[in-house]
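The basis for the numbers below is simple: all heavy atoms, side chains too, and nothing from hydrogens, waters or symmetry mates.
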Amino acid sequence: MEALTKQPSVKGPADWFTGDVWFDQLVPMTGPSIGRCNAVHFAPGARTAWHRHANGQLLHVTEGIGLTQSRGGEVVVIRPGDTVWCPPGEWHWHGAAPEHFMTHLAIWDGLAPGQEGPETEWGEHVTDDEYGRQSA
């Protein structure tokens, strides 16, 4: 068994996020496993850009109140204990509700040996109008 050294928290890049988002890498993106897991911390109103994962993504909310939406779907309010599955290739976004912090675990598989990429594809930012259609 090998204990993993906690890496410093990283601020999410402005190309991928609107607002202040920080993440902690819980399962490093190295080694024999293709599994990935980050704790992602969103300030009120912060959110991802539209994006999709080659092998899908599982989100598990640990604190606060968040929002998520798949392209063409309804905005869904997510709370601690909620788990959301984003299927492979599905465009989606997720983030904190306007007046709440939100943290979730983001769990996904990287590319398998021989699988064509990209692992995650980032699109345009979620507009304030798209984000503001609902309240938590």
Would you give the length of the straight line joining atom [atom1] of [X] to atom [atom2] of [Y], rounded to the nearest 0.5 angstrom?
X: His53; Y: Asp109; atom1: NE2; atom2: CG; result: 11.5 Å
X: Thr103; Y: Phe23; atom1: OG1; atom2: CZ; result: 13.5 Å
X: Ser9; Y: Asn38; atom1: OG; atom2: CG; result: 10.5 Å

I want to check something: taking the side chain as every heavy atom from C-beta on, are [X] and [Y] in contact at a cut-off of under 4.5 Å?
X: Asp82; Y: His104; answer: no
X: Ile65; Y: Met102; answer: no
X: Val61; Y: Arg79; answer: no
X: Glu99; Y: Pro44; answer: no
X: Cys86; Y: Leu59; answer: yes
X: Ile34; Y: Leu111; answer: no
X: Glu119; Y: Arg36; answer: yes

query: Are any of the side-chain nitrogens in Lys11 or Asp20 under 4.0 Å away from the carboxylate oxygens of its partner?
result: yes
- prompt: Hey, is Arg52 close enough to Glu121 for a salt bridge, meaning N to O under 4.0 Å?
  reply: yes
Least distance between heavy atoms, [X] atom then [Y] atom:
X: Ala54; Y: Pro88; answer: O-CB, 3.3 Å
X: Leu67; Y: Ile78; answer: N-CG1, 3.8 Å
X: Ala49; Y: Gly123; answer: CB-O, 3.8 Å
X: Trp91; Y: Trp122; answer: CZ3-C, 4.2 Å
X: His125; Y: Asp15; answer: NE2-O, 3.4 Å

Give a yes or no answer on whether the side chain of [X] reaches the backbone of [Y] with a donor-acceptor pair at less than 3.5 Å.
X: Thr68; Y: Val76; result: no
X: Thr48; Y: His94; result: yes
X: Asn55; Y: Gly110; result: yes

message: Holding to side-chain hydrogen bond (donor to acceptor under 3.5 Å, both in side chains), I want the full list of residues that pass it with His92, two or more places apart in sequence or in another chain.
response: His51, Gln57
task: Go through the structure and list residues passing ring-ring contact (aromatic ring centres under 6.0 Å, His included) with His60, not counting sequence neighbours.
output: none
- line: Only one of Tyr131, Trp93, Trp50 passes side-chain hydrogen bond (donor to acceptor under 3.5 Å, both in side chains) with Gln69, and that residue is Trp93
message: Counting the benzene-type ring for Trp, do Phe42 and His100 have ring centres under 6.0 Å apart?
response: no
